[in-house]
Structures are given as C-alpha cells and as structure tokens.
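Note: hydrogens, waters and symmetry copies are ignored here, and every other heavy atom, side chains too, is used. Letters go in sequence order (proteins before strands), and every chain restarts at 1. Please read these numbers as outputs of a predicted model, since none were measured by experiment.
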2 protein chains.
Amino acid sequence: MAEPKERPVTLRYIADELGLHVSTVSRVLNGRADARGRAASGDTADRIRRLAAELGYQPDPHGAGLRTGRSGLVGVLVPRLSDLVLATIYEGVDEAAAERGITTITAGTLDDDPTRRHRTRMLLARRVDGLVFGDARLDDAFLDELAADGVRFVLANRRSGEHPSVTPDDALGGRLAARHLLDLGHTRVAVIAGEPYASTGADRTAGFLAHCRERGVDVPPDSVVHSSFDTAGGRAAAERLLAGPHRPTAIFAVNDFAAIGALGAARDHGLRVGADLAVMGYNDTPLAAELPIPLTSVAVPMHEIGRRALEMLAVLLRGRSAESERLTPELRPRASTSGDPGTTGRAGSLAD
Amino acid sequence: MAEPKERPVTLRYIADELGLHVSTVSRVLNGRADARGRAASGDTADRIRRLAAELGYQPDPHGAGLRTGRSGLVGVLVPRLSDLVLATIYEGVDEAAAERGITTITAGTLDDDPTRRHRTRMLLARRVDGLVFGDARLDDAFLDELAADGVRFVLANRRSGEHPSVTPDDALGGRLAARHLLDLGHTRVAVIAGEPYASTGADRTAGFLAHCRERGVDVPPDSVVHSSFDTAGGRAAAERLLAGPHRPTAIFAVNDFAAIGALGAARDHGLRVGADLAVMGYNDTPLAAELPIPLTSVAVPMHEIGRRALEMLAVLLRGRSAESERLTPELRPRASTSGDPGTTGRAGSLAD
DNA sequence: ACGTTTGGGCCAAACGTTTGGGTTACTATG
DNA sequence: CATAGTAACCCAAACGTTTGGCCCAAACGT
C-alpha cells in the first residue's frame, strides 16, 4: 500500500507517470472550465483524472497560492467564539464557504480594538482573500482604514456606515417586541439595550422606542440601560431597573442571554416571571424555548445571516459590488411574557 | 505614502533596496535564532529590520510553506462550533496557537463519521501540520487509520484508545457528583448519561455508578438513560426518568445543557427543583450559575484543556512524543441540589 | 495545391521563501 | 609570514502551481 519511495503526489509526478507535460495535467485537473476542454483529448483527460483519483492527488495550496496570489482563505472575526449567536453565524459562514471550496479562519476579538487590529493583521499576513466581521462598531475607524487599503470584507450581524453588511432588520425586531408587550397591556416598559457601540442593540432599542412613542407610551430615559450581552450584564442591568424609581412591569432585553440574567434578578426580587414581570429576549437562542420558564424572543435567521455574508463576500471577491441585506425577524411569544405558567403553577414558587 | 508602483513588499524587494542578497535578509528576518547572528553584522541586521518594519514586511506563507513543507496551520475538529463547551475549548486551543504563531482552522463534524472524514480530508488538503480532535469516539477506526498514515493529532475533551489526549478526569468528576448527591441523603438517583460513544459521558457515568456502589446505593439499569448533549435531549431523558417505575429524587446529567432540559421537564411535572427534585449538571458552563435556579455542576477547566491540547500537539510536531493528561474537576454546589434558594451564583466551596 | 484553422500538447517563466554550500576579506595564531 | 579561523555575505537550487505562448500535425476551405 504505502510506496517505499514515499514520493509526494504532485502534478509533475502524474505527468511523468503518464508521459505528459505538467501543464497539461494542471489544466485538466485544476484548470478553468473553458481551458479544460482544449487542454487534452477526452481520452488523455480521462487517463489523467483516473490516475489522479487513484493516487489521491490534492493540489498543494502553497504552490497554487504562490502563483495566483489567492489563498482560498477568508478570515472571520467575532467578539467571542463562545458566544452562541456568533458561533451560529459562523457555522453559516463556514457552511457556505465549504460549498465553494474556500476555507475559513476565525479569530476572537473580545470587542476590543487593539486585539481586533492585531488579529486582523495576522489574518492578512496569512494572505486571506477577504474578511467577514461579526464585531463591527457603529463608528468604526478601523473598518474605514481597511476599506481605504482595498481590503475586501463584509459585515455580519452588526452594520457600520456604508460597508456592505448582512444583518437582521433590527429596527423591525424592536418594533415587534414593543408591539407584543404593549398588546399585553404593559405601560411601564424598560429596555436592556446592550452595548452602545453595537448596531444590534442600538437599532433594536430604537425600533422599540419608536413603536412605544407611536402608541403613546412613554419610556423614561432611565428605563433604558446599557449592558454587556451576557448573563452577568443582563442581571446587573435588570437589578438597576428593578431597584430604580420607575420599576417596570415588562423588560425587553436585546439579547437572550441578557434576558436570562434578568430572569435571575427577577427571582432575587421575588417576582414571578410571566405573572409579576414580563421578560423577553432577542435572537431566539435554542435555549430560550427550553428554559424552565420558556422565554419570549425574537427569532433571527442567524445561520442564514452567516451564509449570506459569505455569499456576499464571494461576490465582492469576484470584483463585483454588492448591496447590504436586512433579514426579517419573527416574534416567538412564550410563557415569560404571557403569564401562563404552563402545565403547572409552581414555577415561581421557589421564591416564596 | 502609497507607492505608485504598488510593488509588493517581499524579501527580494528589501534586499534590492539595501543592496543585499535575499538570503541574508531572509536569515535576519525569519531565520532560526542561531543562524540569525552569523547572517549579518549587527549593523546591517538593524538596517534590514528597520526597513522591514517600515515597509510592514510580512513573510508570505505560500512561499515559505512551499519551501519548508510546513504550513503553520492546525485543524481543529469539533462536533459543533455552536456547542459552548467545545467553543470554549477551541478558544483555548486558538489562544495557545496564536502565542506560537500558528493558526487554527476549525470545522464542525456533527459527530457524524462521513462528514468528519470529509472535513478532515479538506484540512489535510490544506496541508495542516497537525490536528486536534474534539469529537473522538471510544471506538474510533478513523483515528486509528490516521495514526497509521502518520498524521499527527491529539484529542481534546474526549479520549479514545491510546491516542494522546487531554481530558478532564471524568471518572473523578462522576464520583464527585455521586458523593454530593449521596451526602445530601438521596438514595434514588438517576443519570442522564449522554451519547454512549463519547468517553465524557461514559466515564462520568462510570465514576458516578462506582461511587454509588461503594456507598451501597443501588442504581437500577433503567435509571441510566442515554441522550444527546443538548437541552432537548436532556428534557426527553428526564421525561423518561420521571415517568418510569423508579422515579428518582436526584438526577445527575453529564452535561449542563442536558441538565437545563431536565429542569424544564421537572417543571412540567410540577416538581420544585432543589426541593422536590435535585438536578445537577457538568462542565459548569457560565450559564449554570446565572440561571434563575442556579445549577449545581462540576467545573472543568475547558479553556485549559484546549491550551494543553495544542501544547501537546506542538510537542508532537517537534517530533517528540507526549503523555495523555487528565485535568482535575471541581464540584460547584448550588441551589438546584440544595433546596436553598438564596446565594445565587456564589461559587461553592469544596468542603468534604 | 496551398494557406488557414484547430486540436492537442509542450515550454518556460514566475510567484516568495529557505538552506546547504561557497567566497571573500580580515584577524588571530604559531 | 604563512595559515587557519571566522565574520559577513552571496549563490543557486529547489518547493508545486499556473498561464501566456509556441509548435506540430491533421483537417479544412477554396
């Protein structure tokens, strides 16, 4: 099985074996579809392909990349790889990439400017063909610099300026959330708004507030608090809201994990979620439906966002330009806002 | 600033600019530490480094890889990138990799043999120097084949056969869980054991059962049920346990997400978690402490597992061999087993 | 019969790097 | 004063691919 010579299987090897020239083999195996036909007769082409398959030939990306200047690599930058939302988006990116024979490299930036610049440099040093940013900021000098340098990239999930992006329609999502809560009769509503530099939180909040205004419901400024996008941040924010002067009857968190944190804070205050306090999240994480008290959320096609982002990048890499896309979110009402505790009434009784 | 010629900054460019030979520049900039000294005088070395820095020279990995046969890339295979546990391990891998100037490429395998073979082929076609598998199976023909082919790899989180691995000491973790529940007075205990092909679930379960046996507590076979590692799986498994003939007073799930599913099932059955039914998980996911009812769990240094796995791979790539490592887990008792609703999220002390 | 096209290949250069050997010009040594 | 030693470089050959040209023979058109 294993040859004693252990000769690596390269184009030249195949060519020598068949008495052909390496360029002929190259065109048949890796050439562009139009050049493939006139490179060799159907017969020789078959012999080449057969031997290549038998030997398990795989083109060496170093050789190819050196010659073409392309690497077939794209970099994906996200705040954290352990953030479920971004991880799911990344899965979409990677899936679409694999379909195109391109490989993704991901890097975590912690939403921190120096590390993200550093990580981007590393990716560029690897000669990636393009980038997907999942951590764009509303005001993002770095992205502007990159664009000026001619680096090709698209934004996923968060938008920034006029850079091409694929995001949920967050303003609409915010409105859906507001409508849901106001339809339930709430008038004292509050928002856990996420980080101010992220378009996601900002747009969701803006949409929510706009709808409230249209319905004549006043949301005092101190009922909109910023937070990190994780449970700890959500808990702290909810704590502030519940201890403040305008204790709300309903809280909209722009992120499911922040909402889960709010759930904990509610429990600490002896409030029954769904009955005493409505809480809803955003993104419809798989966890949301499975929580002991299922969480109302706004579903966003995260996987699809990733896919589209990569497809858009692929278009850019072909030299064409692309339009930003907004994907439509959907409300998923559940027990955490309905007051319906489900099959039993005991859910909140632990706090008694 | 930007040259009109737009000449890419390469070794040759720097060499020409300085009137030196490209090999001299190479040795100074990228050469091994010992060769670096005798390559050029301290003075020329400085000139080289200064110009390189000024031009922002970055070695082209295609050229280097072509010559050396090394790519500085390692592949990381995990069941899913959106699984928090594996994502965290991956963060550890990537962190340690970045420190060594090596880049990771990750791929999701869905715990499915054909896709994982396919993804591995793709990574190998990219000429990765080595691999980290986060999805090993107890009986894993594919890994044996790879090892026979001389592919360098290490296993993370799950072990398999004699292949070098970095895992938690899962048998010990299972014992810690059992001791905790038995110390609380439970005698009717059950296990949600995860997938049978994963060493994690199997070893945790085995450790748990061994401790029970030593303490004279009988666990009937139908009180050990398999499940997927996610919430839905945990919920279904708990459902079966609670509907079965030996309704347990305590459930040990080998994974936090499965435990969260069990929480939901408990609520559906009108059981108060912590009081009527004790539930505990494993891995001490950040979420565990922040849940409305904080979840008892067994903490595992996931990030560290990732780091060590990559370090071990680095050793292998240097041609040396390495011993498998087991990292020590720690119990984190919380309200979901104590019935005490207070002190949420506080890290428990490991008192005997 | 002769010029032209075309099918089927071959040729060679180039991409950027590494690395085992020179080749100088000094300097220290005996 | 040779001679060995060394510091500081230079040389050249790869590594595997791609791609614009080139070439030859056979087929074709007139």
Side-chain angles (χ1 to χ4, degrees), chain A residues 6-49 52 55-73 101 124-127 129, chain B residues 6-49 52 55-73 101 124-127 129:
Chain A
E6 198 54 274
R7 189 144 177 269
V9 38
T10 137
L11 283 185
R12 175 137 38 216
Y13 180 70
I14 296 182
D16 289 354
E17 207 73 359
L18 258 32
L20 291 168
H21 193 268
V22 55
S23 69
T24 307
V25 181
S26 171
R27 275 185 248 255
V28 168
L29 256 23
N30 313 326
R32 294 182 346 191
D34 58 334
R36 205 169 298 173
R38 55 202 61 240
S41 71
D43 184 49
T44 25
D46 274 354
R47 286 166 55 220
I48 292 174
R49 272 189 281 265
L55 296 177
Y57 168 75
Q58 296 284 94
D60 186 325
H62 296 127
L66 188 55
R67 174 65 224 249
T68 64
R70 268 166 279 125
S71 63
L73 256 29
L124 259 14
R126 276 280 170 202
R127 302 300 195 265
D129 295 332
Chain B
E6 198 55 272
R7 189 140 177 269
V9 37
T10 136
L11 283 185
R12 174 138 38 215
Y13 181 70
I14 296 182
D16 289 355
E17 208 73 0
L18 259 34
L20 291 167
H21 194 268
V22 54
S23 67
T24 307
V25 180
S26 172
R27 275 185 249 256
V28 169
L29 256 23
N30 311 326
R32 295 184 343 193
D34 58 335
R36 205 169 300 175
R38 57 202 58 241
S41 71
D43 184 49
T44 25
D46 274 354
R47 285 166 57 221
I48 292 174
R49 272 190 281 267
L55 296 176
Y57 167 76
Q58 296 283 94
D60 186 326
H62 295 127
L66 189 55
R67 174 66 224 250
T68 63
R70 268 165 281 126
S71 62
L73 254 29
L124 259 14
R126 277 280 170 202
R127 303 298 195 267
D129 295 334

Exercise for review: Write out the stems for DNA chain D, ordered by first number and formatted as range with range, counting runs of at least 3 consecutive Watson-Crick or G-U wobble pairs under 3.5 Å.
Suggested key: C:1-30 with D:1-30
**Study point:** Side-chain touch B:Leu20/B:Ile48, heavy atoms, less than 4.5 angstrom
**Key:** yes
Review point. Between A:Leu29, A:Val28, A:Val22, which is the residue that forms a side chain to side chain contact (heavy atoms under 4.5 Å, CB included) with A:Val25?
Key: A:Leu29
Check your understanding: CD1 of B:Ile48 versus P of D:dA8: gap in Å, rounded?
Key -> 12 Å
Point to revise | Approximate separation, where rounding is to 0.5 Å, of A:Thr10 OG1 and A:Gln58 CD | key: 13.0 Å
Review point. D:dG20 C1' sits how many Å from A:Arg32 CZ, rounded?
Key: 12 Å
Practice item. Select base, sugar-phosphate, or nothing to describe what B:Gly19 touches, counting heavy atoms under 4.0 Å on all strands. Key: sugar-phosphate
Review point. For the pair made of CG in B:Leu20 and P in D:dC11, what is the distance, rounded to whole Å?
Key: 11 Å
Practice item. Nearest whole angstrom, please: distance from the P of D:dG20 to the CZ of A:Arg38. Key: 14 Å
Review point. If you round to the nearest 0.5 Å, how far is CZ of A:Arg47 from CD of A:Glu17?
Key: 11.0 Å
Exercise for review: With heavy atoms under 4.0 Å as the rule, sort A:Ser41 into base, sugar-phosphate or nothing.
Suggested key: sugar-phosphate
Point to revise | Whole angstrom value for the distance that separates P of D:dC9 from CG of B:Asp46 | key: 12 Å
Exercise for review: Send over the distance from A:Leu18 CG to C:dC10 C1', rounded to a whole Å.
Suggested key: 15 Å
**Study point:** Nearest-neighbour nucleotide for the B:Arg27 side chain, D:dC10, C:dG9, C:dC11 considered
**Key:** D:dC10
Point to revise | Nearest-0.5 Å distance, CG of residue A:Asp16 to CZ of residue A:Arg12 | key: 7.0 Å
Check your understanding: For B:His62 and A:Pro61, which heavy atoms make the closest approach, and how far apart are they?
Key -> CD2-O, 3.7 Å
Exercise for review: Quick one: pull up CZ in A:Arg127 and CZ in A:Arg70 and give me the separation to the nearest 0.5 Å.
Suggested key: 15.0 Å
Check your understanding: Looking across every strand, which nucleic acid part, if any, lies under 4.0 Å from B:Thr24 by heavy atom: base, sugar-phosphate, or nothing?
Key -> base
What does the list of N/O pairs under 3.5 Å between the protein and nucleotides 12-16 of chain D look like, with a distance for each?
unit_1, atom_1, unit_2, atom_2, d
D:dC15, O2, B:Arg67, N, 3.3
D:dG16, N2, A:Gly63, O, 3.0

Review point. CG of A:Leu29 versus P of D:dT17: gap in Å, rounded?
Key: 9 Å
Point to revise | Separation between OG1 of B:Thr24 and CG of B:Leu18, rounded to the nearest 0.5 Å | key: 10.5 Å
Study note, to complete from the structure: So CZ of A:Arg126 and CG of B:Asp60: to nearest 0.5 Å the spacing works out to 10.0 Å
